[in-house]
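Residue numbers begin at 1 in each chain, while the letters A, B, ... track the order of the sequences.
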2 protein chains.
Amino acid sequence: MPFPSVDDQDPPGWQLPLLLFAGFRSLIDELHAHLATRGHPDVRPVYGFAMQAIGVHGASASEVGRRLGVSKQAAGKTIDRLDALGYVERVDDPRDARSKLVRLTPRGVDCLQQSAEIFERLRADWVAQLGADRVRVVESSLRTVVPSGIFPVDVPGWFG
Amino acid sequence: MPFPSVDDQDPPGWQLPLLLFAGFRSLIDELHAHLATRGHPDVRPVYGFAMQAIGVHGASASEVGRRLGVSKQAAGKTIDRLDALGYVERVDDPRDARSKLVRLTPRGVDCLQQSAEIFERLRADWVAQLGADRVRVVESSLRTVVPSGIFPVDVPGWFG
DNA sequence: TAGTATCGACAACCACGTTGTCTAAACCGT
DNA sequence: ACGGTTTAGACAACGTGGTTGTCGATACTA
């Protein structure tokens, strides 16, 4: 018996990443479906992560890049699109003439607040389907197993 | 009490997608770290999904696109790169002069076999950390909650 | 004060996705 | 058997997100 810890009844190992991704994707898709009906039809998943990285207090483009785990140039491009969509604005940083502070507009703040509410509802949907204990097991298991700390969100570049 | 199903002890809803993604990402990263030490250093995550879609029997580019949930043009481009890397080859389809059959080379088959073995080991690592029952709960919970059937893998385009 | 580090901007490039157009071949109903 | 429709794959143009490299201006520091 070469693999004593693997039960024959268990699914093959390659299903695990697929299931995790499918769960992630379905949550994000549902988020954006709801967001679209609440005045935010053109927000892409990346934009949500970027706004989260900007935060309510604002941040510089370089800082956003650091938080997202991407280069400052990549962060700058995303901020450009967020700016064009009216979700952020750039203002001069009074404490550093090189830097510009990226701040969420009221529209950006609204998007973030709505996202938080929608995620709360989506988690509640999972609880309704699985029971509170199973959802907690999923969460705590993942917390145990993922390397803590890091959180790079350069999904397109990382994956492809 | 507006949210009777939500316990105050529960984590905020936005953590769930982040944890799922972190789990997915850590598995994929570990897969490619192992793959790199076994003769496949330049395989990107997308390539693995594409080779999986091609399968051991081969498939046309259009069929690969359908299985992956992307356009035939996008599938064709990915196959180009796989071809350049020596993981697949295109041969004329004897039964359809329009079509070319994309087949895995021995190198491609090897990559797929190694991936399956590595995923098995990674799942065994999770079992060692969490116990077999918790891993099964994670898997069955996700199976319950994700919409079945569909599986689009157009990650970069979808996310960004 | 001089040297170094960082900011943001710009350019060039790559990867992955899209839509649209085109030719050739297969399929199907008359 | 033929003619219209569908499908395969190639090619082009483009959008978006990532990269590196360069640059001038500003801040930090020895």
Side-chain angles (χ1 to χ4, degrees), chain A residues 25 28-29 32 42-51 53-54 58-85 87-103 152-160, chain B residues 21 25 28 32 42-51 53-54 58-85 87-103 152-160:
Chain A
R25 171 152 190 161
I28 298 293
D29 281 345
H32 284 91
D42 39 21
V43 188
R44 312 298 312 270
V46 208
Y47 299 166
F49 284 91
M51 286 190 274
I54 292 164
S60 71
S62 293
E63 179 58 29
V64 172
R66 259 177 253 121
R67 291 179 187 170
L68 252 30
V70 302
S71 66
K72 58 181 181 176
Q73 292 90 334
K77 281 194 198 180
T78 300
I79 291 168
D80 284 344
R81 270 136 213 159
L82 247 17
D83 193 348
L85 256 15
Y87 285 99
V88 304
E89 60 183 359
R90 289 185 223 237
V91 300
D92 287 329
D93 187 336
R95 296 174 310 183
D96 190 335
R98 297 169 302 176
S99 183
K100 284 181 182 167
L101 194 61
V102 181
R103 278 193 315 207
V153 201
D154 57 331
V155 180
W158 161 73
F159 197 74
Chain B
F21 175 70
R25 171 151 190 162
I28 298 293
H32 284 91
D42 39 21
V43 187
R44 312 299 312 268
V46 209
Y47 299 166
F49 285 92
M51 285 191 275
I54 291 164
S60 71
S62 293
E63 179 58 29
V64 172
R66 258 177 254 120
R67 291 179 187 169
L68 253 29
V70 303
S71 66
K72 58 180 180 174
Q73 292 89 335
K77 283 194 199 181
T78 300
I79 291 168
D80 284 344
R81 270 140 214 157
L82 248 17
D83 193 348
L85 255 17
Y87 285 98
V88 304
E89 58 183 359
R90 292 183 220 238
V91 300
D92 288 329
D93 187 335
R95 297 174 311 186
D96 189 336
R98 299 170 302 176
S99 182
K100 285 180 182 166
L101 193 61
V102 181
R103 277 195 314 207
V153 201
D154 56 334
V155 179
W158 160 73
F159 197 75

Nearest-nucleotide check on DNA chain D, A/Trp158 vs B/Ala61; residue mapping nearer the 5' end is B/Ala61
Give [X] one of three labels, base, sugar-phosphate or nothing, depending on what nucleic acid heavy atoms sit under 4.0 Å from its own.
X       : result
B/Arg95 : nothing
A/Ser99 : sugar-phosphate
A/Ala97 : sugar-phosphate
A/Gly76 : nothing
B/Ser60 : sugar-phosphate

Spacing of [X] atom [atom1] relative to [N] atom [atom2], expressed in whole Å:
X        : N      : atom1 : atom2 : result
A/Phe159 : C/dC14 : CZ    : C1'   : 18 Å
B/Phe49  : C/dG17 : CZ    : P     : 12 Å
A/Asp154 : C/dA15 : CG    : P     : 16 Å
A/Asp96  : C/dC7  : CG    : C1'   : 7 Å
B/Asp42  : C/dA15 : CG    : P     : 12 Å
A/Gln73  : C/dG8  : CD    : C1'   : 9 Å
B/Leu85  : C/dC16 : CG    : P     : 10 Å
B/Lys77  : C/dC14 : NZ    : C1'   : 11 Å

Between [atom1] of [X] and [atom2] of [Y], what distance do you get to the nearest 0.5 Å?
X        : Y        : atom1 : atom2 : value
B/Trp158 : A/Ile28  : CH2   : CD1   : 5.5 Å
A/Ser62  : A/Lys100 : OG    : NZ    : 12.5 Å
B/Thr78  : B/Gln73  : OG1   : CD    : 12.0 Å

Out of C/dC16, C/dC7, C/dG17, whichever nucleotide has its closest atom nearest the side chain of B/Arg44 |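 Ranking C/dC16, C/dC7, C/dG17 by closest atom to the B/Arg44 side chain puts C/dC16 first.
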Residue A/Lys72, side-chain atoms from C-beta onward, closest of C/dT18, C/dC10, C/dG8 = C/dG8
Out of B/Leu82, B/Ile79, B/Leu101, which one pairs with B/Arg90 under the side-chain contact (heavy atoms from CB on, under 4.5 Å) rule?
->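 Of B/Leu82, B/Ile79, B/Leu101, side-chain contact (heavy atoms from CB on, under 4.5 Å) with B/Arg90 is met by B/Ile79 alone.
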Salt bridge or not for A/Arg103 and A/Asp93, using N-O below 4.0 Å?
-> no
Under 4.0 angstrom between B/Arg81 side-chain N/O and C/dG17 OP1 or OP2 =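 For B/Arg81, the contact criterion (side-chain N or O under 4.0 Å from OP1 or OP2 of C/dG17) is not met.
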Please check the phosphate of C/dC16 (OP1 and OP2 only) for any side-chain N or O of B/Ser71 closer than 4.0 Å.
-> no
Between the side chain of B/Arg44 and the main-chain N/O of A/Gly157, is any donor-acceptor distance below 3.5 Å?
-> yes
B/Val46 versus B/Arg81: any side-chain heavy-atom pair under 4.5 Å?
->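 No, side chains not in contact.
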A/Phe159 and B/Phe49 aromatic ring geometry - parallel, tilted or perpendicular at 30°/60° bounds | tilted
Give the first and the last nucleotide of DNA chain D, reading 5' to 3', that has any atom under 4.0 Å from a heavy atom of chain B.
->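 Terminal contacting nucleotides, 5' to 3': D/dT7 to D/dG17.
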